[in-house]
Chemist: 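I'd like to ask some things about the structure below.
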There are 2 protein chains.
Amino acid sequence: MNKTKTTYQANPRHYVAVDSIVFGFDGEDLKILLIKRKIEPLKGEWSLMGGFVQEKQSIDQAAEIVLKNLTGLDNVYLEQLSTFGEVQRDPIDRVISVAYYALIKLNEYDRQIVHNNGGEWFSISNYPKLILDHEEMVQTAISKLRRKCRTQPIGFELLPEKFTIPQLQSLYEAIWMQKLDKRNFRKKFLSMNLLDKLEEKDKENSKKGAFYYKFNKEKYEQLTSRGFIFEI
Amino acid sequence: MNKTKTTYQANPRHYVAVDSIVFGFDGEDLKILLIKRKIEPLKGEWSLMGGFVQEKQSIDQAAEIVLKNLTGLDNVYLEQLSTFGEVQRDPIDRVISVAYYALIKLNEYDRQIVHNNGGEWFSISNYPKLILDHEEMVQTAISKLRRKCRTQPIGFELLPEKFTIPQLQSLYEAIWMQKLDKRNFRKKFLSMNLLDKLEEKDKENSKKGAFYYKFNKEKYEQLTSRGFIFEI
DNA sequence: CCAAAAGTGTTCAGCTTACACCCATGA
DNA sequence: TCATGGGTGTAAGCTGAACACTTTTGG
């Protein structure tokens, strides 16, 4: 036992951090949440939200806690992206950082907490220079989101419970940065039979009003277990 | 400066390891390289190859060095997979492990070095129980490889420079564990115009012989820069 | 009554899939 | 000469892409 400990102890230990790219959608643009860094070095510069992994935290838990502290949110879609481990990525000391990305529903969101923590939302097509390798993390996250939302129903994580087909289309247009044909989009999405149409209409965005839909997760899981593959 | 150091120093440091899933293809099966663990705990059990990240190594470098030490190979396809950070994943002490996967050409391979290091090849459909969470790492790697080889020309990393279409097809069949139609496979692959046909034939696997082909990487990169997307 | 967004079908091209026979050669 | 794996073409169905007009209603 002593000998085994010794085996590990011959090796160095490292600071391990988590950094999260938090995505939101305001009906127009895909946005990311940035904060003004509160610690030296680079205090006051724009940064992803992050924190160090503590002794009794799994890295997933560390990411959840950072998100919870800065936004008040938990139970959000949060997935590991990639780990950044260049020796010199932090100018002060070596820190290995595990990047995560989160998808949150902007309207359920406590904007006050974000504001108090120096957080601000920026469009993915226009955000400030970021510290360290955070720019690379953001680009990696955007690529992953673009690819993944094609074959996994994760777009709903960015929308309210009830949404209209035009809203859903706007979301995909914002993620992919391209216009889509509304007839084809509606046809393809509805043909998967994953959306339940509600009686209610959204009258905020048009005079005619658009019917609300809900994503039926149970139906999705049922179909998936029979070999169905989501694709848009 | 002193103050900034202090900020980091309030946080714990962790052992960080890399573990690699090494894939090879012998013409029949997709295989993974496993070794008998040489350190306690669990000495003698089957394990992925791994090692601790040292002070002046990036995590990518650490993965390369582990691979080089145990197989003698460098300049192989090596990509980060995912990071495993459960607190209790190692029974002795907390270790955060970054998993990588490598694709190597079995025939260019120095089998002696592997053997000397206690390494052995196992089919992905029949390999022994692995230590810690290495089983999960392997399954994650197989999933990733299956998905990725559909849209990236990474299969060639598992084949010799010169290969025949039937060999290429066997590879995809081994990865996806399903039979493919040879006419459709050939048609689809050749229609991408990424393979250069050689004069020479492989006579090892049939009396008639099959023409060798080579993957034309330059052509692939040229097409890719014009928006071409590989897909099989 | 008009502006603005919601909603709806059809056609065509290209791709995927299924499927069966001849060829070359070594033993 | 025969067993073995290599190599080829076509037809049918399906999917993706392009495209324009009607409906509703608040102002």
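Naming convention: chains lettered A, B, ... in sequence-line order (proteins, then strands); numbering from 1 in each chain. Every value quoted in this text rests on a predicted model; they were computed, and no experiment measured them.
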Chemist: Can you say whether the rings of B:F156 and B:F215 are parallel (under 30°), tilted (30 to 60°) or perpendicular (over 60°)?
Modeler: parallel

Chemist: Of B:G209 and A:K208, whose closest DNA chain C nucleotide lies nearer the 5' terminus?
Modeler: A:K208

Chemist: Under 4.0 angstrom, heavy atoms only, what part of the nucleic acid is B:K188 near: base, sugar-phosphate, or nothing?
Modeler: sugar-phosphate

Chemist: C:dT17 C1' sits how many Å from B:R183 CZ, rounded?
Modeler: 10 Å

Chemist: What are the two closest non-hydrogen atoms of A:L198 and A:K162, and how far apart are they?
Modeler: CD1-CD, 3.5 Å

Chemist: Identify whether any heavy atom of B:N184 sits under 4.0 Å from a base atom; if not, whether one sits that close to sugar-phosphate; answer base, sugar-phosphate or nothing.
Modeler: base

Chemist: For B:D181 and D:dG9, give me the distance from atom CG to atom P, rounded to whole Å.
Modeler: 14 Å

Chemist: Is it the case that the side chains of B:T140 and B:S82 hold a donor-acceptor pair, with the cut-off being a distance below 3.5 Å and no angle test?
Modeler: no

Chemist: Mind checking A:N205 for me? I need base, sugar-phosphate or nothing, with any heavy atom below 4.0 Å counting as a touch.
Modeler: sugar-phosphate

Chemist: Verify whether one side chain among A:Q167 and A:Y213 offers a donor that lies under 3.5 Å from an acceptor in the other.
Modeler: no

Chemist: Take the protein atom CG of B:L180 and the nucleotide atom P of D:dG6, then report the distance between them rounded to whole Å.
Modeler: 14 Å

Chemist: Without decimals, in angstroms, what is the distance between A:K187 NZ and C:dT11 C1'?
Modeler: 10 Å

Chemist: Looking at B:R186, I'd like to know whether one of its side-chain N or O atoms comes within less than 4.0 Å of OP1 or OP2 on D:dG7.
Modeler: yes

Chemist: May I ask you to verify if any side-chain N or O of B:K207 is less than 4.0 angstrom from the OP1 or OP2 atom of C:dA27?
Modeler: no

Chemist: When the distance from NZ of A:K179 to C1' of D:dC19 is rounded to whole Å, what number comes out?
Modeler: 17 Å

Chemist: Of all the heavy-atom pairs spanning B:Y127 and B:E135, show the shortest one and how long it is.
Modeler: OH-OE1, 2.9 Å

Chemist: Rounded to whole angstrom units, what separation is found between the CD atom of A:E231 and the P atom of C:dT16?
Modeler: 12 Å

Chemist: To the nearest angstrom, how far is B:Q169 atom CD from D:dG5 atom C1'?
Modeler: 12 Å

Chemist: With no hydrogens and no angle check, just 3.5 Å: does a side-chain donor-acceptor pair link B:D202 and B:T164?
Modeler: no

Chemist: Tell me: CD1 of A:I165 to P of C:dT8, nearest whole Å?
Modeler: 9 Å

Chemist: Are the aromatic ring centres of A:F122 and A:W46 under 6.0 angstrom apart?
Modeler: yes

Chemist: Near DNA chain D, counting only heavy atoms under 4.0 Å, which residues of residues 192-204 of chain A show up?
Modeler: A:K203

Chemist: With hydrogens left out and only the distance checked, is there a donor-acceptor pair under 3.5 Å joining A:K182's side chain and the base of C:dA6?
Modeler: yes

